[in-house]
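Below you'll find the structure, written out as C-alpha cells, and then a few comments.
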Amino acid sequence: MNFALVDCNNFYASCERVFNPRLIGRPLVILSNNDGCVIARSEEAKQLGIKMGAPTFKNETFFRQHQVAVLSSNYALYGDMSARVMEVMRPLVSAMEVYSIDEAFLSLDDAHGEDFAREIRERVRQWTGIPVSVGIAPTKTLAKLANRLAKKTPQRQGVLDFTRVPDADAILAMVPCSEIWGIGTRLSARLAPMGIQTARDLKYAEMANVRGALGVIGERIARELGGLPCLDLEELPATKKGIASAKSFGHPVETLQELEEALASYTARVGEKLRAGRLLAAHVSVFVETNPFSATQPQYNAGAQTTLLQPTNQTSVLIAAALDLLRSIYRVGYQYKKTGLFVTAMSPEGAVQLSLFEEREDKPVAQGLSVIVDQLNRKLGANTVRYGSMGTRDTWAMRQNRRSRKFTTRWSELPVAKA
DNA sequence: TCTGGGGTCCTAGGACCC
DNA sequence: TCTGGGGTCCTAGGACCC
C-alpha cells in the first residue's frame, strides 16, 4: 500500500482565478486577515520574489509597479472550493484523509501509479477548475516530499511516483532538512552541527543521535524517510481539543468597551463552532496583547483562565465568563492590538456531568435561543442577530478592503454571466 | 497608519498517590 | 535514626503545520 498526497497548487490564488479569469497569467497575492501580510501567491508572484508573510504596507509600491493583483482572503470561497475538491477525489479511493484546506492523503493500491495520479489531476481540474499536484510514496513523509518535487519540477507535470524513481537517495540528497515535513528552521539548526544537512543525511543518521536531538518526532521522520511507515492515514478528523477565535484589530483599541465588543463577537463565533460540532467546553482562556511590532508603544500581554461550573456551548454563558476574565486583565493606558479566547476541556453534547453545586439550569430555553440565532445567521449572513455585548458599530473590526465575492455560498453574490 | 489565525504534538517539571 | 520508587495527571512552553 502507498500514500498519495494531493495538494492544490497555489490554492487561494487558484480559487480566485476560477471565478475571475482576468487574474490568470498575472501575479496575484492574497492577504491575511486585516489585509496585513501576504499569505498566498500565484506562481507569477513567487517569480517576482514576493515572500510569504511579506507585510502589505511595505510592498504597496512594489505591487503597483509590477501590476500585482491584490486580494483580501475570502475563506467562505476557499472553504467551499476545498469541499468540492475533496468530494471529487473521495469516490476514487478506498480511504482518504483531509489533511488541510488544500491537501489530502489518499490510500493507494500498489498498482496505482502515475497514470492514476494523472487521472485524479484531470478530474479535479475539470470538475472544479483547481490544479493539483500528486506525490506517491510508501510513507506520508515521503509522499509530502514527492509532492513538492512534482510541483517544483515542470517536466514532471504535477505527478511523481517516488516508488518508481531510479535513484531515490540522489533526490533526497537535494532536499535540505528544513524542507522536510515536520522539520522547521529550529530543528534543522539542531541537526546542522551533527553534519545532517539533507533528507539523505537524516535517513542514514544514527537513530539514537536523531532521537537525542529531535526527540520521538525526529526519529519518526527519519524512519519515514527510510520508507518505514510510522504515520497512519487518519480518515476521521480527531475530536477537537480546543476551539479558538482571535483576531487583530483594524485599528489600535484603548477602551475596555471596544475590547469587550470584540471579545464578545469572537466568543459568539466559538459558541457557533461548538454547537456545530455538538460539543461542550468547560474551560475558557482569554488574552489581550499590544502590538509586538511597535518600538515606541508600551507593551502589555496578559491572559486569564477559568473553569466553568458546568460544560456549555451557550453563547450567553461563554460571553459572561470571557468578559469577566477580560475585565480582570484589562489595564488602562495601552494600545491593544489583539484579543481572543480559547476554550478547552471538551465533551460531546449529551454527556454532561452536572456540577455538585449547580442546579440544572433551564437548558431548553437557552439552547433553543442559540439554535434559532444560528439558523438566522446562517440564512441571513453572519452577525445578523447579535448579542448585546457585541455592540453594533464594530469600530475594532478587521480590514478586508479587497475581498472577492462569496461566489459559491451566498445567493446574493452569485457570479453573473452575460451572454 | 499598516506585520494572520487556528490548530497539533511533545517535553519537562511539579503535585500527588500508593 | 531512618526519609524510595514508580506511576499518573496537569500545566506551561516550545516547535511545527497550513
Side-chain angles (χ1 to χ4, degrees), chain A residues 5 7-12 29-41 50-61 63 70 72-75 78-79 82 97-105 140-141 144 147-148 177-191 211-221 230-231 234 237-253 262 266 269-270 273 277 282-283 285 287 289-297 301 303 305 307 335 337-346 398-402:
Chain A
L5 176 68
D7 189 321
C8 301
N9 300 349
N10 311 320
F11 181 56
Y12 296 173
V29 298
I30 318 292
L31 304 180
S32 65
N33 276 339
N34 252 327
D35 294 345
C37 65
V38 172
I39 56 162
R41 304 156 294 161
I50 300 169
K51 295 272 179 286
M52 194 71 168
T56 314
F57 75 99
K58 285 188 185 169
N59 290 283
E60 295 279 15
T61 316
F63 292 159
V70 181
S72 303
S73 36
N74 183 347
Y75 288 104
Y78 312 149
S82 169
E97 172 187 343
V98 176
Y99 174 69
S100 76
I101 193 166
D102 69 337
E103 286 170 67
F105 286 102
K140 281 179 155 184
T141 303
K144 269 286 224 189
N147 182 287
R148 275 180 45 83
C177 285
S178 60
E179 290 181 12
I180 300 167
W181 185 40
I183 298 189
T185 46
R186 304 291 171 95
L187 296 186
S188 52
R190 280 189 222 163
L191 292 172
R211 181 158 192 152
L214 306 185
V216 296
I217 298 188
E219 183 176 348
R220 211 145 57 196
I221 292 169
C230 304
L231 301 166
E234 288 168 31
T239 16
K240 281 208 192 335
K241 307 213 163 131
I243 293 179
S245 181
K247 276 183 209 40
S248 301
F249 304 126
H251 302 279
V253 159
Y266 306 161
R269 182 77 195 110
V270 166
K273 288 193 202 170
H283 197 84
S285 16
F287 71 89
E289 63 185 50
T290 49
N291 182 0
F293 293 100
S294 169
T296 52
Q297 297 290 338
N301 298 318
Q305 302 84 37
T307 302
Q335 304 243 310
K337 180 63 187 166
K338 188 173 178 180
T339 185
L341 77 157
F342 189 50
V343 299
T344 51
M346 320 277 275
M398 66 177 178
R399 282 187 303 272
Q400 234 190 359
N401 296 330
R402 296 177 263 205

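Keep in mind the model is a prediction, meaning the values are calculated, not measured. Quick note on labels: first sequence line is chain A, next is B, and so on, each numbered from 1.
Computed from coordinates, the A:Arg41 CZ to B:dG4 P distance equals 16 Å when rounded to whole Å. Rounded to whole Å, the distance from CE on A:Met398 to P on B:dG4 is 12 Å. Protein atom CZ of A:Phe287 is 12 Å distant from nucleotide atom P of B:dG7, rounded to whole Å. One atom, CG of A:Leu191, and another, P of C:dA15, lie 13 Å apart when rounded to the nearest Å. Here B:dT3 presents its C1' atom at 17 Å from CD of A:Gln400, a figure rounded to the nearest Å. One can place CD1 of A:Ile180 at 18 Å from P of C:dA15, the figure rounded to the nearest angstrom. Nucleotide B:dA12 holds its P atom 12 Å from the CD1 atom of A:Ile217, rounded to whole Å. Taking atom CD of residue A:Glu219 and atom P of nucleotide B:dC10, one finds them 13 Å apart after rounding to whole Å.
Among the heavy atoms of the strands, none lies under 4.0 Å from A:Ile221. Nucleic acid contact for A:Ser178: none, since no nucleic acid atom lies under 4.0 Å from a heavy atom of the residue. At a threshold of 4.0 angstrom between heavy atoms, the contacts of A:Asp102 are confined to the sugar-phosphate backbone, with no base atom among them. A:Asn33 comes within 4.0 angstrom of the backbone, heavy atoms only, and of no base. Within the 4.0 angstrom heavy-atom criterion, no nucleotide atom of any strand lies near A:Gly53. Residue contacts shown for A:Tyr99 are limited to sugar-phosphate atoms, with no base heavy atom under 4.0 Å away. Residue A:Glu60 is out of contact with every strand shown, counting any heavy-atom pair closer than 4.0 Å. In this structure, A:Ser73 reaches neither bases nor backbone, as no heavy-atom distance under 4.0 Å exists between it and the strands shown. Residue contacts shown for A:Ile243 are limited to sugar-phosphate atoms, with no base heavy atom under 4.0 Å away. Among the heavy atoms of the strands lying under 4.0 Å from A:Ile183 are primed sugar atoms or P, OP1, OP2 only; no base atom is included. The residue A:Arg190 sits close only to the backbone: its heavy atoms come under 4.0 Å of sugar-phosphate atoms, none of a base. Residue contacts shown for A:Thr56 are absent, as no nucleic acid heavy atom lies under 4.0 Å away. Here A:Lys273 lies in heavy-atom contact (under 4.0 Å) with sugar-phosphate atoms only.
For B:dG6, neither phosphate oxygen OP1 nor OP2 lies less than 4.0 angstrom from any side-chain nitrogen or oxygen of A:Lys241. In terms of phosphate contacts, A:Ser100 brings no side-chain nitrogen or oxygen within less than 4.0 Å of OP1 or OP2 of C:dC17. Contact between the side-chain N/O atoms of A:Arg399 and the OP1/OP2 oxygens of B:dT1 is not found at any separation under 4.0 Å. Taking side-chain N and O atoms only, A:Lys144 has no distance below 4.0 Å to OP1 or OP2 of C:dC16. Residue A:Lys337 has a polar side-chain atom (N or O) positioned under 4.0 Å from OP1 or OP2 of B:dT3. Residue A:Ser32 has no polar side-chain atom (N or O) positioned under 4.0 Å from OP1 or OP2 of B:dT3. Residue A:Lys338 places none of its side-chain N or O atoms closer than 4.0 Å to OP1 or OP2 of B:dT3.
Residues A:Arg211 and A:Pro55 both approach DNA chain B. Their nearest nucleotides, taken by heavy-atom distance, put A:Pro55 toward the 5′ side. Residue-to-nucleotide proximity on DNA chain B shows that, of A:Leu214 and A:Lys247, the 5′-proximal contact is made by A:Lys247.
Set against B:dG6, B:dT3, C:dC18, the side chain of A:Glu103 has C:dC18 as its closest nucleotide. The side chain of A:Trp181 sits closest to C:dC18 out of B:dG6, C:dC18, C:dA15. The side chain of A:Val216 approaches B:dC10 more closely than any other nucleotide in the set B:dG5, B:dG7, B:dC10. Comparing B:dC10, C:dC18, B:dT3 by their nearest atom to the side chain of A:Arg220 picks out B:dC10. For A:Leu187, counting side-chain heavy atoms from C-beta on, the closest listed nucleotide (B:dG4, C:dA15, B:dT3) is C:dA15.
The pair A:Glu60-A:Arg402 meets the salt-bridge criterion, with a side-chain N (NZ, NE, NH1 or NH2) lying under 4.0 Å from an Asp/Glu carboxylate O.
A donor-acceptor pair is defined here as one N or O able to donate and one able to accept, closer than 3.5 Å; no such pair exists between the side chain of A:Ser294 and the backbone of A:Asn291. Not one N or O on the side chain of A:Ser178 forms a donor-acceptor pair closer than 3.5 Å with the backbone of A:Gly184. No donor-acceptor pair under 3.5 Å is formed between the side chain of A:Asn34 and the backbone N or O of A:Gly36. Panel note: side chain A:Thr141, backbone A:Ile221; no donor-acceptor pair is recorded below 3.5 Å.
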Could you go through the salt bridge (Lys or Arg N to Asp or Glu O under 4.0 Å) check for A:Arg148 and A:Glu179 one step at a time? CA-CA 9 Å; A:Arg148 275 180 45 83; A:Glu179 290 181 12; 2.5 Å; yes
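For the 3.5 Å distance criterion, the side chains of A:Ser72 and A:Asp35 qualify, holding a donor opposite an acceptor. For A:His283 and A:Thr344, the side-chain atoms include no donor-acceptor pair closer than 3.5 Å.
Going from the C1' atom of C:dC17 to that of B:dG4 covers 14 Å, rounded to whole Å.
Shown here, C:dG5 forms a base pair with B:dC18; the pair counts as Watson-Crick or G-U wobble because both key distances fall under 3.5 Å.
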